[in-house]
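Notes follow once the structure below has been shown.
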Protein chains: 2
Amino acid sequence: MFVTYSMEAVLTRKEQIEKTATALFKRKGYTATSMRDLANALGIEAASIYSHIRSKEEILQRVCFKMADEFFDALDAAESMAGPATVRLQRAIAAHVQVLTQNTEASAVFLHEWRHLSEPLHSNFLALRDKYEARFREIIREGIQRGEFSVPDEKFAVLTILSALNWIHTWYKPEGKMTPTEIAENLSEMLLNGLRN
Amino acid sequence: MFVTYSMEAVLTRKEQIEKTATALFKRKGYTATSMRDLANALGIEAASIYSHIRSKEEILQRVCFKMADEFFDALDAAESMAGPATVRLQRAIAAHVQVLTQNTEASAVFLHEWRHLSEPLHSNFLALRDKYEARFREIIREGIQRGEFSVPDEKFAVLTILSALNWIHTWYKPEGKMTPTEIAENLSEMLLNGLRN
DNA sequence: TAAATTTGCTAACGAACGTTAGGTTGTGTA
DNA sequence: TACACAACCTAACGTTCGTTAGCAAATTTA
């Protein structure tokens, strides 16, 4: 059914639609992207999209929850090895950065467009996000207990760390001078040891 | 014309509209907020709003550029005194946090909704933002030259610092346990000296 | 008291929106 | 060769959108 001789991954039509939609959602936002915009980017009519998806929100839902899965999977892998909190935090940061840089468009949707999900998806999503942040809080808490870290409030620390990381998708380009690994290392260095010489 | 016995600032009708709109823009986004939503929040009809403003975009424009002014004014005041880069960065961070916490709703609009401005406002806004970031880059550059800071890339450092700060508007509440000053101090401490004990 | 201004209303406009119904075409499978 | 199905079409639906026109009432100013 699918025959290709290029190196590119073979996408089903539905995946193509999702990918194109994700790019538009990042550039213009979910609400400001019309189905006619999406159709135009795909080179077809708006009505034709409904042969492949049920609704506009279905696209948003799939992108948001797929990315949530990716962040959790990466974090699971990062936390699979034991070690001091400092190292675990470095690994968690590196995992987060890897997912962010691997797909900046889906990341942007994941970070900013989820709020247009209707209930109960909206609540489900927020619950997942909180679970994810809790994993980071747990690392920070352990680091404080073991005397590795010195922060006034672990929730505050986690929000600051994640917000420092979550800006990457706005400027990262694969052809840039820093690789995702280098970005993660620099961020870990800044967040753990600070700017100070 | 305006007589009031309360402590609240007296707002013109236009300012009331802007304030209400700003709250909605933060909660639902500019595009997802209709003029009828705004009218409903004000207790009037949508058409009545046009006695006070020219268009929906005028509101967005005013909020975005007013906040830009506030950020620049605060940074001007913070940089009016000389000193080592470390201290100047601390002051600049404190100024930025003050503006963010003083008006979290307008800050959210400033940070996220500006992209819905049409040309040439869109370009003007981006130019202002870049000018603002350049002021921070200058501080970092000096800090590196004087040996106060040790970072691989000043642009990278500034983006990381600002993105760490710009998340505040999502969780800050005036009745919370940290004052804006304490938040600024904790953030300066984290960014300058890191998490490490 | 008269004039000007502010603030709001109802009714309606044309455009854009997400989506559905029903039909056509081409392609891989039985 | 017949059939199923994926992919896309045209046409249209009911709704919502930002905005305008024209008017009425209240309030402030002269």
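Chain letters run A, B, ... following the sequence lines, proteins first, then strands; residues in each count from 1.
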**OP:** Can you sort out the partners of A:D69 under salt bridge (charged side-chain N to carboxylate O under 4.0 Å, His left out), two or more places apart, ordered by chain and number?
**Re:** none
**OP:** Using the test ring pair (Phe, Tyr, Trp, His ring centres under 6.0 Å), find all partners of B:H52 that sit at least two apart in sequence or belong to another chain.
**Re:** none
Subject >> Nearest-angstrom distance from the residue atom CD of A:E58 to C1' of C:dT20 >> reply: 16 Å
Subject >> Whole-Å gap separating C1' (C:dC9) and CD1 (B:I49) >> reply: 13 Å
Original post:
Could you give the CG-to-C1' distance, from B:L42 to C:dT6, as a whole number of Å?
Top reply: 16 Å
**OP:** Rounded off to whole Å, could you give me the CD-to-P distance for the A:E45 and C:dT19 pair?
**Re:** 17 Å
Subject >> Contacts of type side chain to side chain donor-acceptor pair (under 3.5 Å), residue B:S188, not counting sequence neighbours >> reply: none
Show me, pair by pair, the donor-acceptor contacts under 3.5 angstrom made by side chains of residues 84-93 of chain A, not counting sequence neighbours?
unit_1 : atom_1 : unit_2 : atom_2 : d
A:T86  : OG1    : A:E148 : OE1    : 2.5
A:R88  : NH1    : A:E142 : OE1    : 3.1
A:R88  : NH1    : A:E142 : OE2    : 3.4
A:R88  : NH2    : A:E79  : OE2    : 3.1

**OP:** Considering just the side-chain nitrogens and oxygens of B:H52, establish if one lies under 4.0 Å of OP1 or OP2 belonging to C:dT7.
**Re:** yes
Original post:
In whole angstroms, how far is the C1' atom of D:dA24 from the CD1 atom of B:I44?
Top reply: 16 Å
**OP:** Only counting residues at least two apart or in another chain, list the ones meeting side-chain contact (heavy atoms from CB on, under 4.5 Å) with A:I168.
**Re:** A:V97, A:L100, A:T101, A:W171, A:Y172, A:I183, A:L187
Original post:
Whole Å only: how far is the CG atom of A:L38 from the P atom of D:dC8?
Top reply: 12 Å
Original post:
Taking only residues two or more places apart in sequence, or in another chain, which ones meet A:K66 in a salt bridge (charged side-chain N to carboxylate O under 4.0 Å, His left out)?
Top reply: A:E18
Original post:
Roughly, in whole Å, what's the span from CD1 in A:I17 to C1' in D:dA6?
Top reply: 12 Å
Original post:
Any ion pair linking B:E105 and B:K26 (charged N to carboxylate O, less than 4.0 Å)?
Top reply: no
**OP:** Tell me which residues in residues 114-122 of chain B put a heavy atom below 4.0 Å from DNA chain C, sorted by number, or none.
**Re:** none
Subject >> Separation of C:dG8 C1' from B:K14 NZ (nearest whole Å) >> reply: 17 Å
**OP:** Applying side chain to side chain donor-acceptor pair (under 3.5 Å), name anything that partners A:E133, two or more places apart in sequence or on another chain.
**Re:** none
Subject >> B:K155 atom NZ: more than 12 heavy-atom contacts under 6.0 Å >> reply: no
What does the list of N/O pairs under 3.5 Å between the protein and nucleotides 17-23 of chain D look like, with a distance for each?
unit_1 : atom_1 : unit_2 : atom_2 : d
D:dG18 : OP1    : B:T33  : O      : 3.4
D:dG18 : OP1    : B:K56  : NZ     : 2.8
D:dG18 : OP2    : B:M35  : N      : 2.7
D:dG18 : N7     : B:R36  : NH1    : 2.8
D:dG18 : O6     : B:R36  : NH2    : 3.0
D:dT19 : OP2    : B:Y50  : OH     : 2.5
D:dT19 : OP2    : B:K56  : N      : 2.8
D:dT19 : O5'    : B:Y50  : OH     : 3.3

